[in-house]
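Down below is the structure, laid out as structure tokens.
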Protein chains: 2
Amino acid sequence: MQTSDDSRHGGAGHNPLALDVRKSAILTAVVTEYIGSAQPVGSQHVMDAPGVSVSSATIRADMAALERDGYLAQPHTSAGRIPTDKGYRFFVDHLVGPAALDPVGRQQVRQFFDHAHGEIELMLEKTSGLLADLTDCTAMVVGPSHELATLRSVQLVGLGPRLALLVVVLSDGAVQKQSIDLSEDVDEGRLADAARYLVAHSLGRALSQIDTTLVTTGDPATDAVVSVGVDALRHLGSAEAGDQLFVGGSSHMAAAFDAVDTVRSVLTILEQQLVVVTLLRDVLDRGLSVAIGTEHGVEPLASCAVVVMPVSVDGEVTGTIGLLGPTRMNYPQALAAAQVVGKRLGQRLSESRR
Amino acid sequence: MQTSDDSRHGGAGHNPLALDVRKSAILTAVVTEYIGSAQPVGSQHVMDAPGVSVSSATIRADMAALERDGYLAQPHTSAGRIPTDKGYRFFVDHLVGPAALDPVGRQQVRQFFDHAHGEIELMLEKTSGLLADLTDCTAMVVGPSHELATLRSVQLVGLGPRLALLVVVLSDGAVQKQSIDLSEDVDEGRLADAARYLVAHSLGRALSQIDTTLVTTGDPATDAVVSVGVDALRHLGSAEAGDQLFVGGSSHMAAAFDAVDTVRSVLTILEQQLVVVTLLRDVLDRGLSVAIGTEHGVEPLASCAVVVMPVSVDGEVTGTIGLLGPTRMNYPQALAAAQVVGKRLGQRLSESRR
DNA sequence: GGTCAGCACTCAGTAGAATGGAGTGCCAAC
DNA sequence: GTTGGCACTCCATTCTACTGAGTGCTGACC
């Protein structure tokens with residue numbers, strides 16, 4: 001309701017939008033300590049933290065205020081404090097600076113991308129593994145959509161009497177295929193005719209720009225093949241065919257929680273590609289880079305936080321990388337890792353696209 | 001050491017190769033009960049089991065004998081018995097008949113394969129989900145190797161000045177690609193020449209039968225492209241490119257164990273595709289359909305059992321499906337599910353191959 | 001000889017009481 | 001506003017006692 005610009009002096013007890021310097025330091029201390037130990041943090045421990053040079057009694061008073069304002073919680077009366085989702089949120093938004101990846105990780109990333117080559121899917125798969133290794137989180141990588149990539153090759157391969165395969169190669173190196181059921185027997189020649197026609201009318205365009213107006217080839221049977229071919233092309237361009245999800249390091253979820261039930265429900269979510277992809281897109285759409293606890297709305301992941309990072313190819317956001325961990329995950333590390341890997345991955349993908 | 005053919009009468013106390021009828025019934029009772037409850041089974045409970053109509057005292061005596069012979073174990077003195085790996089082994093080998101899938105599952109399988117269509121990878125992925133659903137195990141599907149499939153299409157697509165993509169379509173509908181680094185700039189025309197040459201010399205053959213003897217095209221630069229193209233083709237034919245692994249239902253592992261550590265180590269293994277593929281192949285090579293506990297030699301999976309089933313395409317064993325669960329998994333169910341799904345999958349794959 | 005009822009025994013699991021200690025809130029003094 | 005001191009709370013641990021499921025054994029029975 002009321003907003004005060006008196007953030008220097010604090011008065012945080014009434015203003016939930018700002019915390020004075022010391023309270024910030026205390027919150028930082030509690031969060032970092034709890035991230036490391038997973039144990040409630042007492043005022044005694046906070047005393048040792050940098051930026052806090054007051055007695056435990058004073059810290060206690062501040063912690064009580066932080067609890068009143070919803071940044072901290074107490075599992076029970078005589079325990080230390082643990083951060084609430086709101087506490088993590090404030091920490092992420094205001095207290096954690098632009099951290100850099102540790103040298104070892106930096107080296108790992110460099111090495112990875114120096115040696116990365118070949119198939120895009122394999123690279124994305126391995127990227128998820130890299131991210132998981134770097135962060136001890138579960139990593140999710142959504143392959144870049146091929147919206148902007150143009151068609152480099154279109155091919156119809158007959159597989160059976162009424163079965164053909166449409167194979168397209170995109171300018172970004174992606175190969176997509178779509179099986180085509182033909183309503184009647186089509187001989188190789190007619191298939192080739194149709195393919196030639198498709199090539200002539202689609203090569204160089206993006207999948208989303210395939211011409212839907214059919215020009216007749218003169219032969220009705222060939223036209224029919226062309227028609228299903230065009231349908232297949234457009235299907236490939238649609239969203240469902242594009243989003244490939246790669247999940248790496250799901251075992252880290254078992255290390256993050258000690259309740260096996262939590263692990264199970266989280267893994268169940270991870271198996272649902274659609275849910276994961278939607279979750280990542282949602283968070284990104286809301287302009288967030290971190291969604292904590294219930295913020296992302298996926299109920300079984302209430303004890304998890306998600307870090308997302310867009311992957312830009314030639315300045316255009318297409319792919320996404322995500323990190324899933326417990327709410328007490330190491331946010332600075334995760335953000336740093338996601339950032340650098342996302343950037344490098346984007347560069348890499350831009351390179352191989354002309 | 002000594003073998004007795006007196007299996008009718010038993011004498012199982014000295015002969016570890018056979019158990020008399022009642023001991024078999026008792027072992028069956030303990031195994032099935034323990035599979036269901038995960039609790040040690042006492043003589044009182046066994047009394048209710050079918051095929052056992054003696055007093056608990058007699059059962060106790062038999063159970064003591066079964067323990068002496070290594071089929072059962074006691075967690076502690078005053079507890080019931082749980083099966084050992086050897087006990088499960090005997091159960092699987094001699095006591096469990098050819099079980100059928102329950103009607104609901106049968107219906108699920110039928111429905112699945114009636115609606116399965118399109119991309120082979122997607123189908124295999126979904127098959128792993130189906131199997132996991134059916135059995136409450138983690139399902140592993142290794143895609144059929146393309147050793148026997150013949151080349152239907154070979155294509156070279158230029159992606160950049162020194163980057164091309166080799167795309168092949170196999171007769172079984174698989175599409176494989178391999179990026180090719182060209183040592184020097186190659187124009188489209190020369191790429192097309194090389195592609196034509198590759199087509200002429202490889203179409204209709206299996207990947208493993210690619211002619212390695214190079215016939216020159218007359219142009220050294222084109223020859224160079226052909227050469228790397230042939231290398232790429234042979235790489236595709238090699239094992240590493242072929243084995244695709246699809247894992248479904250890994251969340252079931254979290255439900256199977258109550259120690260989160262066990263879950264973590266099992267998940268870690270599942271993330272290592274090579275280990276899993278090797279494991280399945282190993283077990284299959286040894287002629288087993290079930291590997292229990294330490295039998296498969298993968299130490300972190302000591303508390304797991306693996307059910308494997310070959311997938312035959314046109315009578316030739318190519319793919320594999322596997323089920324991973326705790327040693328106290330429901331073997332009859334798992335075997336039945338693996339069998340029927342494996343058979344249907346094989347049929348399906350045979351259909352789409354000409 | 002195999003089977004069985006009876007009995008003493010074992011021992012995990014549970015519940016209750018005592019203890020220790022980490023941590024808090026409050027207050028008076030600085 | 002900060003701090004040391006103090007009383008208080010309550011989780012976690014330990015110990016004890018107890019329960020009960022389950023066993024092994026023995027002597028009797030068929």
Side-chain angles (χ1 to χ4, degrees), chain A residues 6 8-14 19-27 29-30 33-34 36-49 51-69 71-84 258-259, chain B residues 6 8-14 19-27 29-30 33-34 36-49 51-69 71-84 258-259:
Chain A
D6 187 6
R8 164 67 188 81
H9 187 264
H14 303 113
L19 293 178
D20 69 36
V21 183
R22 197 178 59 207
K23 285 210 183 67
S24 292
I26 292 175
L27 180 56
V30 173
E33 180 80 16
Y34 186 68
S37 71
Q39 297 295 324
V41 182
S43 52
Q44 206 72 234
H45 285 202
V46 176
M47 261 174 53
D48 307 338
V52 182
S53 46
V54 289
S55 75
S56 65
T58 309
I59 294 170
R60 277 200 293 280
D62 279 357
M63 284 168 87
L66 284 169
E67 181 172 4
R68 232 185 348 267
D69 293 344
Y71 296 98
L72 295 178
Q74 226 175 350
H76 44 82
T77 326
S78 70
R81 302 307 209 292
I82 61 176
T84 60
D258 44 2
Chain B
D6 188 6
R8 164 67 188 81
H9 186 263
H14 302 113
L19 294 178
D20 68 37
V21 183
R22 197 177 60 206
K23 285 208 182 69
S24 292
I26 291 175
L27 180 56
V30 173
E33 180 80 16
Y34 186 68
S37 70
Q39 298 295 325
V41 182
S43 53
Q44 205 72 234
H45 286 204
V46 176
M47 260 174 58
D48 307 337
V52 182
S53 45
V54 289
S55 76
S56 65
T58 308
I59 295 171
R60 277 200 293 280
D62 279 356
M63 283 168 88
L66 284 169
E67 181 172 5
R68 229 185 349 266
D69 293 344
Y71 296 99
L72 295 179
Q74 226 173 350
H76 45 82
T77 325
S78 69
R81 301 310 209 291
I82 63 177
T84 60
D258 44 2

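Chain A is the first sequence line, chain B the second, and so forth, proteins listed ahead of strands; every chain is numbered from 1. Keep in mind that the numbers below use all heavy atoms, side chains included, and drop hydrogens, waters and symmetry copies. The shown structure was predicted, so the numbers you read here are calculated from the model rather than taken from an experiment.
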Next on the checklist: Does D:dC11 have its OP1 or OP2 closer than 4.0 Å to a side-chain nitrogen or oxygen of A:S78?
Outcome noted: no

Checklist entry - Per the atom types in the model, does the base of D:dG5 pair as donor or acceptor with the side chain of A:R60 at under 3.5 Å? => result yes

Item to check | Short side-chain N/O contact from A:S43 to OP1 or OP2 of C:dT24, under 4.0 Å | outcome: yes

Checklist entry - Would you say the base of C:dG25 and the side-chain of A:R68 have a donor-acceptor pair closer than 3.5 Å? => result no

Item to check | Quiz item: A:S55 side-chain donor-acceptor pair to D:dT3 base, under 3.5 Å | outcome: no

Checklist outcome for this item: With the side chain defined as heavy atoms from C-beta on, A:M63 is closest, among C:dT24, D:dG22, D:dG4, to C:dT24

Next on the checklist: Could you check whether any side-chain heavy atom of B:K23 comes within less than 4.5 Å of a side-chain heavy atom of B:D69, counting everything from C-beta outward?
Outcome noted: no

Item to check | Residue mapping more 5' on DNA chain C - nearest nucleotide basis, B:P75 or B:S53 | outcome: B:S53

Next on the checklist: Applying a 4.0 Å non-hydrogen cut-off, can you work out what A:S56 is touching in the nucleic acid: base, sugar-phosphate, or nothing?
Outcome noted: nothing

Checklist entry - Is the shortest side-chain N/O distance from A:R81 to OP1 or OP2 of C:dG23 below 4.0 Å? => result no

Checklist entry - What pair of heavy atoms forms the shortest contact from A:A25 to A:V52, and how long is it? => result CB-CG2, 3.7 Å

Checklist entry - Closest heavy-atom contact between B:S56 and B:M47? => result N-SD, 3.3 Å

Item to check | Of the listed nucleotides D:dG22, D:dC10, C:dC4, the one nearest the side chain of B:H45 | outcome: D:dG22

Checklist entry - Once you round it to whole Å, what is the distance between P of C:dG23 and OH of A:Y34? => result 14 Å

Checklist entry - Which part of the nucleic acid, if any, lies within contact of A:A57, taking any heavy atom under 4.0 Å across all strands shown: a base, the sugar-phosphate backbone alone, or nothing? => result base

Item to check | Residue-phosphate contact under 4.0 Å: A:T58 side-chain N/O, D:dT3 OP1/OP2 | outcome: yes

Checklist entry - Quick one: A:I59 CD1 to D:dT3 C1', roughly how many Å, whole number? => result 11 Å

Next on the checklist: What's the closest nucleotide to the side chain of B:R22 if the choices are D:dT2, C:dT3, D:dA21?
Outcome noted: C:dT3

Checklist entry - Which atoms form the tightest heavy-atom contact between B:Y34 and B:V41, and what is the distance? => result N-CG2, 3.9 Å

Checklist outcome for this item: Separation of D:dC11 atom C1' from A:Q74 atom CD, nearest Å, is 12 Å

